[in-house]
Amino acid sequence: MDYFLTEEQQMIIDICREITEKKVKPIRAELDEKQVFPAEILKEIGGSDLFRLFIPEDYEGMGTGIFEVCLATEELSRGDLSVATSYAASGLGFLPIIISGDEDQKKKYLPGLASGQRLAAFGLTEPEAGSDAGGIKTRAIREGDHYILNGTKQWITNGGEADVYTIFAMTDPKKGSRGASAFIVEKGMDGFEFGKKEDKMGIRASATRELIFNDCALPKENIIGKEGMGFLIAMKTLDRSRPAVGAQGVGLAQGALEEALDYSRIRKQFSTSISSFQAVRHMLADMATQVEAARNLVYHAAKVVDSGKKDISRLSAMSKVFASDMAMQVTTDAVQIFGGYGYMKEYPVEKMMRDAKILQIYEGTNQIQRDVIALDLIKKGF
Ligand code: COS
C-alpha cells in the first residue's frame, strides 16, 4: 500500500526497521522472559534521533509531527511492543511541557529529552483514579517558593527509568478536576521514591512502577501552566498521544500478520500448505484488511492532530479504539493460524497476543474512548 510518504518519512521507517530487524527481534523473547528494560535499544533509538521527532526545532528537535511519531512507533511495534511503549511513553511524558510549558522549562528539559539521553514519564493514574482522571488524590500544597507533593501514582510506564516526570496533583481539591495542576518532577529529588517493578502479562520488558511522593518539595517554577490547568493539560496530551497508541496496534498487528502469513506458507497439513485452505485464507484476508483500515484511520487522525485543528478528541479516540481492538483480534487470529505451535513460547505470536491486551487498557480504556466518541457525537453531530 502506497501512502505517498516523503523521503524523510520513508527514512524514519527505514531507520526503525533496521533497529527492529537487527537489534530488537533477535532478543525480544529474552527481554520479555527476563523482564529486562531495553535500555541499550532506547539508546540506539536516541542515537538515531527518533526522540527528536516529537520536539520543536527551537529545542533541538526535528519539528516534525505526530504523523512521523506514528510512523516510527508503528515500525518499532512491529518488532516489539515493550520497546515501542518505552519510546512512546517518553513522548507522552514530555508532551505536557511542549503543550503548556514556559520558555525556561522548554529550554531546560526538551534538549536532553530530544537526544534520548534522558527519558520522560507521564504520571496521572493512581490506585483509585484510573478512568476517573479528575478523581486524583495526590496533593500539591503551596508553601512559600515550593509546592509540597504527597501521594502515589500507579502503573507508570518508564517509572524508575525516566529522569523527568510530569505529575498531576490537586492544588485545590474542592474544585474537582478544575483544581488539578501539572508539575515537573525529577528523579533524585528528596521525597520522591519508586515502588516495585510490576510483573505484567505483556510488554514485560517495559518498566511499570509506582511513584511515591512523601513531602517532596518542588520549586514553584516546576508547575506547568497555571494552577487549575492540570486536567486540561492531561486531556490535551492524551488527545495528541492516542493516535500513537493506535500506531502501536497497527505495527503489532502487522508483525503478527507477517508471522502468520509466513507460517501458513510453510506449514503442511493434509499434504499441502495450510495457506491453500479457504478457512486460513479468509482469516489472512480479514487480518490484512483490518490492519490496513486501522492504518488509514491512525494516519488520518495523526494528520488532523498535526494540522493544528482544536477539535480532535473524537477522531483521536476513534483511532486508538479501532486500532487496539483490531490488534487484539489480529494477534489472536495469528495464534490460531499457528495452532498448537502458536501457543508455545518458541514462536513470537503468543507474546504478541499477550502484548496486545494492554493497548485496549492504557492511555484510557477502550470503554472510555467510546464514551469520548459518543459524547462528542451526541453533542456536536457531524
Ligand atoms: N480537551 C479539552 N477539554 C476537555 C477534554 C479534552 N479532551 N476533555 C474534557 N475536557 C474539559 C471539559 O470540557 C470540561 O470543561 P468544563 O469544566 O469547562 O465544562 C472539563 O474538562 C471536565 O470534563 P468532563 O466533565 O468531561 O470530565 P470527566 O471527569 O467526566 O472525565 C474523561 C472525562 C472520562 C474523558 C476523562 O476523565 C478521561 O479521559 N479519562 C481517562 C483518563 C486516561 O486516559 N487515563 C489513562 C492514564 S494516562 S496513560
Side-chain angles (χ1 to χ4, degrees), residues 66 73 81 84-96 99-100 119-138 151-159 162 165-170 172-182 198 200 203 206-211 225-246 248-249 301 304-305 308-321 324 357-380:
I66 295 294
T73 307
L81 197 64
T85 293
S86 311
Y87 167 71
S90 190
L92 178 69
F94 58 69
L95 264 178
I99 293 170
S100 298
L119 291 178
F122 183 79
L124 177 64
T125 301
E126 298 182 357
E128 288 172 48
S131 294
D132 181 11
I136 55 171
K137 298 271 187 318
T138 296
T152 300
K153 295 289 171 183
Q154 183 168 261
W155 302 325
I156 305 305
T157 307
N158 286 350
Y165 296 78
T166 48
I167 299 298
F168 296 84
M170 283 295 176
D172 191 351
K174 291 190 300 298
K175 291 189 178 159
S177 58
R178 282 169 176 236
S181 304
E198 301 289 350
K200 307 189 291 290
I203 55 163
S206 72
T208 309
R209 282 196 181 79
E210 267 183 350
L211 314 180
K226 294 197 168 65
E227 277 191 24
M229 281 175 61
F231 186 78
L232 192 61
I233 294 172
M235 293 299 113
K236 281 185 170 178
T237 300
L238 292 166
D239 280 345
R240 278 153 190 77
S241 71
R242 282 176 182 154
V245 181
Q248 291 178 26
V304 171
V305 169
K309 191 171 183 275
K310 290 211 164 53
D311 209 358
I312 53 174
S313 305
R314 185 197 307 183
L315 192 55
S316 173
M318 283 176 169
S319 69
K320 193 269 186 189
V321 75
S324 58
K357 188 64 205 166
I358 193 61
L359 298 174
Q360 296 178 306
I361 299 172
Y362 68 14
E363 289 195 39
T365 63
N366 281 5
Q367 287 68 29
I368 287 293
Q369 308 304 321
R370 288 183 169 89
D371 272 350
V372 169
I373 296 164
L375 284 170
D376 194 72
L377 198 57
I378 291 159
K379 198 163 142 195
K380 299 176 192 153

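One-based numbering, in listed order, for ligands and for the atoms of each. Keep in mind it's a predicted model, so treat the numbers as computed, not measured.
- Checking atom 13 (O) of ligand 1 against the protein gives no heavy-atom contact under 4.0 Å.
- Protein heavy atom in closest approach to atom 3 (N) of ligand 1: Leu232 CD1, 3.2 Å.
- Looking only at protein heavy atoms, the nearest one to atom 18 (O) of ligand 1 is Arg178 NH2, 2.5 Å.
- Distance check on atom 39 (O) of ligand 1: some protein heavy atom falls below the 4.0 Å cut-off.
- In this structure, the protein non-hydrogen atom closest to atom 44 (O) of ligand 1 is Arg242 NH2, 2.9 Å.
- Inter-residue side-chain proximity for Leu92 and Leu238 is flagged as met; some heavy-atom pair is nearer than 4.5 Å.
- There is no protein heavy atom less than 4.0 angstrom from atom 26 (O) of ligand 1.
- Heavy-atom neighbours of Lys236 NZ from other residues, nucleotides or ligands within 6.0 Å: at or below the threshold of 12.
- Within the structure, ligand 1 lacks Lys236 among the residues with a heavy atom less than 4.0 angstrom away.
- The shortest side-chain heavy-atom distance between Phe231 and Arg178 does not fall under the 4.5 Å cut-off.
- Close N/O approach between Asp132 and ligand 1 is not found [any backbone or side-chain N/O within under 3.5 Å].
- What sits closest to atom 7 (N) of ligand 1 on the protein, heavy atoms only, is Asp239 OD2, 2.9 Å.
- Residue contact check: Val372 has heavy atoms under 4.0 Å from atoms 35 (C) of ligand 1.
- Selection from Met235, Gln154, Gln369, Glu126 by nearest heavy atom to atom 6 (C) of ligand 1 gives Met235.
- Nearest protein neighbour of atom 45 (N) of ligand 1, counting heavy atoms only, is Gly130 O, 3.7 Å.
- A 4.5 Å side-chain heavy-atom check between Ile358 and Leu81 finds at least one atom pair inside the cut-off.
- From the protein, the heavy atom lying nearest to atom 41 (C) of ligand 1 is Ser131 O, 3.3 Å.
- Distance check for atom 30 (O) of ligand 1: every protein heavy atom is found at 4.0 Å or beyond.
- When all heavy atoms of Ala133 and Leu124 are compared, the pair lying nearest together is CB-CD2, 3.9 Å.
- The Leu238 neighbourhood of ligand 1 comprises atoms 43 (C), 44 (O), with distances under 4.0 Å to a heavy atom of that residue.
- Annotation: side chain of Asn366 is not in contact with side chain of Ile361 (no heavy-atom distance under 4.5 Å).
- No donor-acceptor pair under 3.5 Å is formed between the side chain of Ser90 and the backbone N or O of Tyr87.
- Between Glu126 and Thr138, the closest side-chain pair of non-hydrogen atoms falls below 4.5 Å.
- Ligand 1 has no N or O atom lying under 3.5 Å from any N or O atom of Ser177, backbone or side chain.
- The protein non-hydrogen atom at the shortest distance from atom 47 (C) of ligand 1 is Thr125 OG1, 3.1 Å.
- Near Ala133, with a cut-off below 4.0 Å to any heavy atom, the atoms of ligand 1 are 37 (O), 42 (C).
- Summarising the geometry of Ser100 relative to Met229, their closest heavy-atom pair is OG-CE, 4.4 Å, with the distance given to 0.1 Å.
- Ranking protein heavy atoms by distance to atom 33 (C) of ligand 1, first place goes to Phe231 CZ, 4.2 Å.
- Within the 4.5 Å cutoff, no side-chain heavy atoms of Val245 are placed close to those of Pro243.
- With contacts defined as side-chain heavy-atom distances shorter than 4.5 Å, the pair Phe122/Phe94 does not qualify.
- Ile156 places none of its side-chain heavy atoms less than 4.5 Å from the side chain of Arg209.
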